[in-house]
Amino acid sequence: AVKGLESLPGCMLGWKDMTWSTVRTAGDDFPGTMFHCSAVTSDRKLCVVGGGDGRKPRNDVYCLETRGEFRWKRAASSGQHPPACVGHQCAVVAQRLFVFGGWVQDPDKTKQYKNDLYVSSPPLCSPSTVGPQLVRPQQHFSYRYCLNTTSFKWVLTTPSGVAPKGRINHTMVSTSSDHIILFGGVGMPSSSGSQSFNDLHILQPTSMTWSHVATPASSPQGRRQHS
């Protein structure tokens, strides 16, 4: 494990007085993690997906209830789980949590960088009649999964569109028009070595379609771990 890695206490910034305070939480024990992703749902749950402890990546999901008592809940699931990973990113659109990319442990280095897109329907920690989906676009990983939040069971489906290359440490945000924009990151598209990307992709969640956006020569240079 990474020396000194632990589950540090959460902190909250009060907008009115711009003062930081420590958040004390109850519920399930939240493990120390790094290189995970997190997003806030419309019902004010903070969902944390995957990450690692310095020894191996994980694929668990924890949700923090922020209304009233701050309480962690680990979302239990079954079926064909997505692989554990680090360096992925999240965004929320219309009660669904989207997770794209990440790094997995694989002897073949060209297969370590994923172009998987996972989609769920928050709240992940309580029953729902709308099943979340995990979408794995048609490149190296040519599958898509759905997670039923009533039974928390992963199932396989099919994707559409041209997906971004497998990558980690990119940015992914949702827009007011309910689209998701993905930019940059780093991957290994061939055995020649890793590459920092400056490509721009848009996901249309309603049709679950990826589009690659042609950008001018003045686009930012390829980069990773940006915000």
### Task
Would you mind reporting whether H170 and R224 have side-chain heavy atoms less than 4.5 Å apart?
no
### Query
Which pair of heavy atoms, one from S177 and one from H179, lies closest together, and at what distance?
O-ND1, 3.0 Å
### Task
Would you give the length of the straight line joining atom NE2 of H88 to atom CG of N169, rounded to the nearest 0.5 angstrom?
11.0 Å
#### Entry: Between CZ on residue F30 and OH on residue Y62, distance to nearest 0.5 Å
7.5 Å
### Minimum heavy-atom distance between G101 and C85, given as atom pair plus value
O-SG, 4.1 Å
### hydrophobic_cluster_shared for M188 and F35, side chain cutoff 4.5 Å
yes
### Message
Let me confirm one number: the CZ-OG1 distance from R71 to T25, rounded to the nearest 0.5 Å.
### Response
9.5 Å
### Query
So do the side chains of C37 and M172 get within less than 4.5 Å of each other, counting heavy atoms only?
no
### Query
Is it true that C90 and C47 have SG atoms closer together than 2.5 Å?
no
### Task
Under the side chain to side chain contact (heavy atoms under 4.5 Å, CB included) rule, what do T206 and D178 come out as? Steps first, then yes or no, please.
CA-CA 9 Å; T206 303; D178 289 343; over 6 Å; no
### Message
Grouping I, L, V, M, F, W and Y whenever their side-chain heavy atoms are under 4.5 Å apart, do V213 and M208 come out in a common cluster?
### Response
no
### Query
So which of L182, I180, T209 actually passes side chain to side chain contact (heavy atoms under 4.5 Å, CB included) with L203?
I180
#### Entry: Heavy-atom closest pair, residues P205 and F98
CB-CZ, 3.5 Å
### Message
Give me the atom names and distance for the closest heavy-atom approach of A84 to P57.
### Response
CB-O, 3.3 Å
### Task
Just do the side chain to side chain contact (heavy atoms under 4.5 Å, CB included) check on M12 and S21 with the steps written out, would you?
CA-CA 5 Å; M12 179 174 60; S21 60; 4.0 Å; yes
### Heavy-atom side-chain proximity of F100 to N115 below 4.5 angstrom
yes
### Task
Kindly indicate whether the side chain of N198, heavy atoms from C-beta on, has any atom under 4.5 Å from the side chain of Q221.
no
### Message
So which atom in K114 and which in V104 form the shortest heavy-atom distance, rounded to 0.1 Å?
### Response
CD-CG1, 3.0 Å
### Message
When you group the ILVMFWY residues by side-chain heavy-atom contacts below 4.5 Å and let the links chain together, are F197 and V173 in the same group?
### Response
no
### Task
Count the heavy atoms belonging to other residues, nucleotides or ligands that lie under 6.0 Å from CG of D29, then report whether that count exceeds 12.
no
### For V48 against W72, the heavy-atom pair lying closest together
CG2-CH2, 3.8 Å
### Message
Just verifying a value: how many Å separate E65 CD and L46 CG, rounded to the nearest 0.5 Å?
### Response
10.5 Å
#### Entry: Point-to-point distance, once rounded to the nearest 0.5 Å, from CD of Q225 to CD1 of I168
7.5 Å
### Query
Cluster question for you: counting only ILVMFWY and a side-chain heavy-atom cut-off of under 4.5 Å, with indirect links fine, are V40 and F70 together?
yes
### Query
Do F183 and I202 belong to the same hydrophobic cluster, where Ile, Leu, Val, Met, Phe, Trp and Tyr are linked whenever their side-chain heavy atoms lie under 4.5 Å apart, directly or via other members?
yes
### Message
For the CZ atom of R167 and the OG atom of S196, what is their distance to the nearest 0.5 Å?
### Response
10.5 Å
